[in-house]
Visitor: 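Take this structure, written in structure tokens, and hold onto it; I'll ask about it next.
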Amino acid sequence: MSKDLNKNNNSNELKRDLGEARSLNFLEEIIEEDLRKGKYKNIVTRFPPEPNGYLHIGHAKSICLNFGLAQKYNGYTNLRFDDTNPVTEDVEYVDSIKNDVKWLGFNWANEFYSSDYFNELYTFAVTLIRKGLAYIDDSSPEKIAAEKGTPTEPGIENEFRKRSIEENLLLFEQMKNGKFKDGEKVLRAKIDMKAINMHLRDPIMYRIKYAHHHRTGDTWCIYPMYDFAHGQSDSIEHITHSICTLEFVPHRPLYDWYIDNLEIFPSHQYEFARLNMTYTVMSKRRLLQLVNESYVSGWDDPRMPTISAYRRKGYTPSSIRTFCEKIGVAKRDNLIDISLLEFCLREELNVSAQRVMAVLHPIKLIIDNYDENKTEELVTENLPNDTNNTRTISFSKELWIEKEDFLETPVKKWFRLAPGAMVRLKSAYIIRCDSFKKDNEGTVTEIHCTYFPESKSGHDTSELKVKGTIHWLSVQHAAQAEVRLYDRLFTVENPAMEEADFKNFINPNSLEIIHAYIEPVLLKAKPDDHFQFIRNGYFYLDKDSKPGALVFNRTVTLKDSFKQ
Ligand code: ATP
Ligand code: MG
């Protein structure tokens with residue numbers, strides 16, 4: 001894979017890119033040309049996941065592409081579960097895949113399963129045997145591999161290749177009927193053992209496998225190989241443009257060979273670059289290891305790159321669609337910076353997420369000149385600069401503020417609290433720090449301030465000028481919640497490309513769990529509500545929440561704060 005880093009950290013650059021109308025991508029060009037020539041009446045695409053894991057953000061790219069193209073050209077898309085491998089598949093995965101595709105905002109025209117075509121595929125195989133284009137090979141897997149040759153040496157034709165059509169028909173039927181043991185025989189296409197393309201050196205079409213299938217049960221003990229099933233399933237469904245990732249380029253001649261020789265609907269395969277993203281891994285096999293070996297809490301652990309994890313963390317479907325649109329359709333493998341995905345989300349949440357106050361790392365602030373029996377209900381905006389959309393927040397003598405908003409010895413350009421310094425409390429008053437208390441270890445435990453009654457937000461007649469505004473919560477009114485702060489799951493950009501096992505690069509600090517003070521309004525948070533905890537990031541209710549024990553996930557920070 002080329003290491004063409006498509007990095008785009010500059011948000012102005014990104015904004016410009018997103019605003020630009022784009023030219024047609026190469027698939028749109030192909031489709032428009034096909035429509036112009038009248039090659040197809042209707043554009044039909046498919047999304048063909050193997051139900052052996054949860055969908056990840058790479059699949060989202062494929063989903064947006066397949067469904068997006070069909071939508072654009074008034075066609076339709078099938079959801080086809082590519083379930084020809086009985087061993088790794090599971091109904092749990094089928095359900096999660098359907099849920100994820102729907103959540104992303106797409107509707108499939110038909111829900112199909114490759115296993116629904118087992119009868120037709122069997123008949124296709126018989127057709128090729130009858131044409132003298134397929135044979136039963138009794139060789140061991142080792143012998144078959146050895147005879148296949150290498151990219152620089154041609155393969156060898158073995159004695160089974162000369163079997164008669166009748167014998168092949170009989171043996172294939174016996175294979176189907178369970179006469180032979182696992183791996184004892186295979187059905188191979190008779191193409192060319194000297195072909196430069198190794199995939200054409202008599203590829204295996206069917207193998208014997210006594211395995212229970214999640215849909216067909218124990219009906220079959222022979223299962224078609226991917227190459228024999230995929231193109232034929234496309235053809236059965238009259239898929240016009242079968243879009244897959246670049247590793248299938250060398251399979252295309254075989255895809256065409258089967259369709260040509262079976263003389264069935266001419267589906268065509270087109271390839272694009274798979275999506276790879278920094279600081280994560282993008283293969284179900286690796287993601288499954290993270291789950292099975294408990295590096296994460298499950299497929300939807302918010303640190304995972306799965307669609308279900310992004311949903312749980314608080315991503316919106318539209319931000320993922322925008323991201324997929326933004327990265328375009330490449331013909332060369334590349335590595336997309338994860339901050340582009342985060343950027344797409346921030347752009348959206350910045351406009352829509354309700355602003356609330358939460359103090360993640362609290363320290364107590366006492367307003368010495370504020371009456372201890374007094375509470376004020378202050379008006380604050382739910383969205384910036386929207387004075388019609390407000391709520392009230394309780395203010396009193398004792399407040400929580402963020403520890404990091406106070407410095408005993410201020411640094412240059414410090415506009416927050418420090419002895420003698422003044423700040424505005426958001427939607428409340430200007431205060432001045434007069435003193436502070438420390439415990440025996442020297443940690444600041446309490447800050448004492450004076451407030452200026454005439455500086456009340458919205459009614460400020462004080463003429464005091466301050467540069468900093470900080471958020472706060474009233475101690476007696478604040479509620480509490482668990483807050484989960486996430487960081488990258490890996491410490492290196494491309495863990496899968498490292499020599500050592502990718503799990504050696506897991507970030508040990510990818511999850512920080514804290515107990516925070518939150519505004520009482522958050523106790524009414526519902527799934528699907530997105531919040532900005534002012535100055536702390538965007539947050540979303542986690543499914544682990546229970547009444548009286550809420551949990552919030554940080555969806556994303558406010559800025560790209562990742563320390564390189
Ligand atoms: P993985 O390697 O993660 O298991 P896969 O290709 O085996 O992926 P499938 O379930 O077979 O997963 O994929 C369904 C569709 O999604 C295929 O058309 C595949 O090409 C596409 N796809 C998978 N991964 C990516 C990716 N990273 N970027 C774009 N498309 C992808
Ligand atoms: Mg696959």
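Counting starts at 1 for both ligands and their atoms, following the listed order.
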Visitor: Met282 heavy atoms, cut-off 4.0 Å: which ligand 1 atoms fall inside?
Guide: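 Close to Met282: 3 (O), 27 (N).
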
Visitor: With a cut-off of 6.0 Å (strictly less than), are more than 12 heavy atoms of other residues, nucleotides or ligands near CD1 of Ile196?
Guide: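 No, because the 6.0 Å sphere around CD1 of Ile196 holds 12 heavy atoms or fewer from other groups.
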
Visitor: Below 4.0 angstrom from a heavy atom of Phe272, which ligand 1 atoms are there? Numbered from 1 as shown, please.
Guide: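 By the 4.0 Å cutoff, the relevant atoms are 29 (C), 30 (N).
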
Visitor: For ligand 1, note which part of Phe47 has a heavy atom under 4.0 Å away: side chain, backbone, both or neither.
Guide: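 Under 4.0 Å from ligand 1, Phe47 contributes side-chain atoms alone.
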
Visitor: Taking side-chain contact (heavy atoms from CB on, under 4.5 Å) as the criterion, tell me which of Ile338, Leu341, Val492 meets it with Thr278.
Guide: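 Of the listed residues Ile338, Leu341, Val492, the side-chain contact (heavy atoms from CB on, under 4.5 Å) partner of Thr278 is Ile338.
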
Visitor: Examine His59 against ligand 1 and note whether any of their N/O atoms are separated by less than 3.5 Å.
Guide: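 N/O-N/O distance under 3.5 Å: yes.
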
Visitor: Is there a polar contact between ligand 1 and Ala273, counting only N or O atoms under 3.5 Å apart?
Guide: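 In fact, backbone or side chain, Ala273 has no N or O that close.
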
Visitor: Do Phe539 and Phe552 have ring centres separated by under 6.0 Å?
Guide: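 No, the ring centres sit 6.0 Å or more apart.
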
Visitor: Could you work out, for atom 27 (N) of ligand 1, the closest of Leu275, Asp82, Asn276, Ile336 by heavy-atom distance?
Guide: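 Nearest option to atom 27 (N) of ligand 1, by heavy atoms: Leu275.
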
Visitor: Among Glu271, Met198, His199, whose side-chain contact (heavy atoms from CB on, under 4.5 Å) with Pro250 holds?
Guide: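 Per the side-chain contact (heavy atoms from CB on, under 4.5 Å) rule, the option paired with Pro250 is His199, out of Glu271, Met198, His199.
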
Visitor: Can you confirm whether more than 12 heavy atoms, excluding those of Lys72, are under 6.0 Å from its NZ atom?
Guide: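 More than 12 heavy atoms, drawn from other residues, nucleotides or ligands, come within 6.0 Å of this atom.
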
Visitor: Does any N or O of ligand 1 fall below 3.5 Å from an N or O anywhere on His56, backbone included?
Guide: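 Yes: some nitrogen or oxygen of His56 is under 3.5 Å from one in ligand 1.
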
Visitor: Hey, which atoms in ligand 1 end up nearer than 4.0 Å to a heavy atom of Thr245?
Guide: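 Those of ligand 1 that fall under 4.0 Å from Thr245 are 20 (O), 29 (C), 30 (N), 31 (C).
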
Visitor: Is Lys131 atom NZ crowded by more than 12 heavy atoms from other residues, nucleotides or ligands, each under 6.0 Å away?
Guide: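 Yes - once you tally the heavy atoms of other residues, nucleotides and ligands closer than 6.0 Å, there are more than 12.
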
Visitor: Could you point out which residue of His238, His241, His268 forms a ring-ring contact (aromatic ring centres under 6.0 Å, His included) with Tyr40?
Guide: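 It is His241, the one option of His238, His241, His268 that forms the ring-ring contact (aromatic ring centres under 6.0 Å, His included) with Tyr40.
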
Visitor: Step by step, work out the ring pair (Phe, Tyr, Trp, His ring centres under 6.0 Å) result for Tyr206 and Phe172.
Guide: CA-CA 9 Å; Tyr206 266 91; Phe172 190 47; 5.3 Å; yes

Visitor: Near Pro49, which atoms of ligand 1 are under 4.0 Å from a heavy atom of that residue?
Guide: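 Those of ligand 1 that fall under 4.0 Å from Pro49 are 10 (O), 14 (C).
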
Visitor: For ligand 1, is there an N or O atom under 3.5 Å from any N or O atom of Arg46?
Guide: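 No, Arg46 has no N/O under 3.5 Å of an N/O on ligand 1.
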
Visitor: Do any nitrogen or oxygen atoms of Arg274 come within less than 3.5 Å of a nitrogen or oxygen of ligand 1?
Guide: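 Checking ligand 1 against Arg274, an N or O pair does fall under 3.5 Å apart.
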
Visitor: Using distance alone, decide if ligand 1 has a nitrogen or oxygen within less than 3.5 Å of any nitrogen or oxygen in Glu247.
Guide: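 No.
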
